[in-house]
Each structure stands twice: as C-alpha cells, then as structure tokens.
Amino acid sequence: MSRLFVNIDHVATLRNQRGTVYPDPIAAASICELHGAEGITVHLREDRRHIKDKDVEGLRASLSSILNLEMAATKEMIEIAKRIKPEMTCIVPEKREELTTEGGLNVKKQFEKIKSLVEELQGNGIEVSLFIEPDMAQIDSAKKTGAIAVEIHTGSYANAPIGLKRDNELSRVLQAIKYANEIELKCNAGHGLDYFNIRPLCGKNNGISEFNIGHSIISRAVLDGLANAVKEMTEIVKGNQ
Ligand code: PXP
C-alpha cells in the first residue's frame with residue numbers, strides 16, 4: 001500500500017508572492033498530517049524561490065510525520081541535509097531557469113559524484129532517493145550507487161495527451177516500477193500527478209512506496225477553500241463578526 005507525501009512548496013510560493021507570513025507552510029503541513037499525509041516533501045531550491053531555510057528548520061522541529069527534503073546534488077545542500085537531518089532526501093537535477101524539476105537525474109553520467117553523495121547522506125542516517133526517468137539503465141545505475149530508493153519521474157506520463165502517447169508513457173512507468181521492485185529498490189513516484197492520472201498507478205500491490213504530490217493538491221485546496229474564505233470575509237464586511 002502506498003503512502004501519500006504532500007509537497008507543500010507552493011504554499012510558500014503564495015506566501016512569498018506578497019512577502020507576508022501567511023499562508024504558513026508549517027500550518028499547511030500540520031493540516032496535511034491531520035488528514036492522512038504520511039510525509040511532507042519540500043524542495044529547497046538553490047534560488048530559494050519558494051521554501052526557505054527557515055521553513056525547513058521549522059518543519060524539522062514541528063512535524064510528527066516524515067520530512068522528505070528534495071535537493072540538488074550540491075555541497076551546500078548536503079551540508080544543510082546533514083545539519084537538519086530529514087528522514088529522507090530526494091536528489092533532483094536543478095536548473096535555475098526551469099519552472100519545476102523538468103527531467104530525471106542522469107545517474108549514469110554522474111555516477112561517481114552521486115555514489116559518494118549517497119554514501120555521505122546515508123552514512124549520516126538519511127535515506128536517499130534518486131529522482132530518475134522510467135529508464136532501466138538509470139534504475140541499474142541508481143541501484144549501484146547504494147541508494148535505498150528511486151523516485152520515478154511521472155512527468156512525461158502526466159503531461160502526455162490522452163491516447164497512445166499516454167498509454168506508452170504509462171507502460172514505461174509501470175515497467176520501471178516493476179523492475180525497481182525486482183532488484184529490491186524502494187520505489188517512489190511523483191511529478192504532475194493529479195486526481196485523474198494517478199488512478200492507474202494506485203492499488204494494493206502497485207509497487208510504489210510513496211507518492212510525492214504537490215501542485216494538484218495545493219491547487220485543489222485553493223478552490224475548495226474559497227467558499228469558506230469568501231463567506232467569512234462577507235460577514236466581516238457586513239459588520240457581523
Ligand atoms: N517529486 C519531485 C522529485 C519533484 O521535484 C516534484 C516537484 O517539486 C514533485 C514530486 C511534485 O510534483 P507536482 O508538484 O507536480 O505534484
């Protein structure tokens with residue numbers, strides 16, 4: 001059975017837009033936990049465009065569930081992870097100009113660098129997951145680094161138009177999950193998953209330990225919460241509260 005980890009980066013995006021203290025990612029994390037999330041995922045980007053260092057520190061101090069820190073393979077991030085000690089890290093490729101993480105890590109190409117980073121983090125008691133495309137060669141390389149887990153990048157599947165292209169992407173993802181399980185790599189999945197496209201990946205023996213999902217959940221929360229937010233402000237405007 002899979003666990004849901006909620007990525008709360010975009011709560012911080014909204015906060016940073018106005019430089020206010022709200023919406024507070026720590027309060028958001030607590031609501032996620034109360035309603036079934038078994039972990040909280042944040043991506044501390046090099047440019048700190050959403051989650052900031054103080055958010056990660058606050059989450060570390062307040063979470064009752066698991067903290068999964070997504071980060072680039074840089075010296076700075078490794079030092080932060082060693083200091084904060086999240087239960088898990090997910091190593092992602094990162095380019096400053098991208099809107100979100102746009103592709104998987106090329107573990108094959110940077111094998112020695114990633115292997116030593118995995119050793120350093122796991123030697124400090126932090127589980128490492130490598131965010132990779134659904135590609136057997138990348139899964140093999142990930143296994144050889146000694147990483148406990150991989151996260152299969154579901155973006156190409158999620159973004160493909162419905163039809164043959166999406167079916168093909170889905171079967172690539174499913175084969176990758178099967179293979180990772182066969183070679184005893186813990187297998188997670190994420191990116192672009194929403195309330196519809198996640199369905200073929202769910203079920204009892206789906207081979208996925210954790211789903212990391214952000215944008216669709218935070219987007220749904222904005223619309224679901226709007227009615228109450230407007231009702232409350234209407235009452236204040238009318239002098240009833
Ligand atoms: N997993 C990883 C490794 C990511 O980089 C992201 C995006 O930050 C996600 C999952 C969540 O993607 P989304 O916001 O599209 O659900």
Side-chain angles (χ1 to χ4, degrees), residues 2-14 16 23 25 28-29 32 37-52 55-56 59 66-74 77 81 86-107 114 117-118 121 126-135 138-139 142 147-160 166 169 173 176-177 180 185-199 201-202 208-222:
S2 307
R3 305 193 289 182
L4 173 64
F5 283 23
V6 181
N7 179 316
I8 57 168
D9 291 347
H10 295 309
V11 175
T13 303
L14 201 54
N16 300 349
C32 295
E38 294 186 74
I40 300 296
T41 299
V42 287
H43 184 173
L44 187 65
R45 293 188 73 102
E46 193 191 356
D47 62 7
R48 308 299 198 270
R49 71 171 71 147
H50 37 59
I51 290 293
K52 313 271 187 202
D55 296 322
V56 183
L59 288 165
I66 290 168
L67 176 60
N68 176 29
L69 181 64
E70 289 177 3
M71 57 187 226
T74 64
M77 289 299 155
E87 282 79 11
M88 296 168 55
T89 54
C90 179
I91 309 301
V92 300
E94 192 177 304
K95 288 192 225 100
R96 226 173 240 275
E97 62 278 11
E98 68 193 354
L99 269 181
T100 178
T101 316
E102 277 161 11
L105 205 57
N106 193 339
V107 186
I114 292 176
L117 175 158
V118 167
L121 289 170
I126 303 166
E127 176 179 316
V128 178
S129 163
L130 302 176
F131 187 48
I132 56 173
E133 294 293 326
D135 176 291
Q138 294 293 345
I139 296 174
I148 290 173
V150 286
E151 179 171 334
I152 301 297
H153 194 317
T154 49
S156 300
Y157 157 63
N159 296 330
R166 185 178 284 204
E169 293 294 343
V173 169
I177 294 164
L185 259 177
K186 178 179 166 189
C187 187
N188 303 326
H191 211 283
L193 295 175
D194 62 29
Y195 292 82
F196 299 99
N197 64 24
I198 195 171
R199 291 170 193 267
L201 300 175
C202 297
I208 297 173
S209 297
E210 286 122 28
F211 283 109
N212 284 296
I213 306 178
H215 189 256
S216 63
I217 295 178
I218 303 305
S219 303
R220 170 69 69 95
V222 170

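For reference, positions follow the sequence shown, starting with 1. Each ligand, and each atom within it, is numbered from 1 in the order the structure gives.
- Under 4.0 Å from ligand 1, the heavy atoms of E70 that appear belong solely to its side chain.
- Within the structure, the closest approach of S216 to ligand 1 does not fall below 4.0 Å when heavy atoms are considered.
- Close approach of ligand 1 to I213 is summarised as follows: ligand atoms under 4.0 Å from at least one heavy atom of the residue are 16 (O).
- Minimum interatomic distance between L105 and P93 (heavy atoms only, all atoms of both residues): CD1-N, 3.6 Å.
- Checked against T89 for a side chain to side chain contact (heavy atoms under 4.5 Å, CB included), the options I126, L44, L67 give a single hit: I126.
- The contact set between ligand 1 and N7, taken as ligand atoms under 4.0 Å from a residue heavy atom, comprises 8 (O).
- When heavy-atom distances to ligand 1 are checked against a 4.0 Å cut-off, N212 comes that close through both its backbone and its side chain.
- In this structure, T154 and L201 have side chains that are in contact, with non-hydrogen atoms separated by less than 4.5 Å.
- Relative to the ring axis of F211, R3 does not place its NZ or CZ within 45° and under 6.0 Å from the centre.
- Between the side chain of D9 and the backbone N or O of H50 there is no donor-acceptor pair closer than 3.5 Å.
- With a 4.5 Å cut-off on side-chain heavy atoms, E70 and F131 do not count as touching.
- A side chain to side chain contact (heavy atoms under 4.5 Å, CB included) with V107 is found for exactly one of D135, L130, I91, V118, namely L130.
- Within ligand 1, the atoms closer than 4.0 Å to a non-hydrogen atom of H215 are 13 (P), 14 (O), 16 (O), numbered from 1 in the order shown.
- Every atom of ligand 1 with a heavy atom of V92 under 4.0 Å away is listed here by number and element: 3 (C).
- The contact set between ligand 1 and G192, taken as ligand atoms under 4.0 Å from a residue heavy atom, comprises 12 (O), 13 (P), 15 (O), 16 (O).
- Heavy atoms of E151 found under 4.0 angstrom from ligand 1 belong exclusively to the side chain.
- Among G214, S129, P93, the residue whose heavy atom lies closest to atom 16 (O) of ligand 1 is G214.
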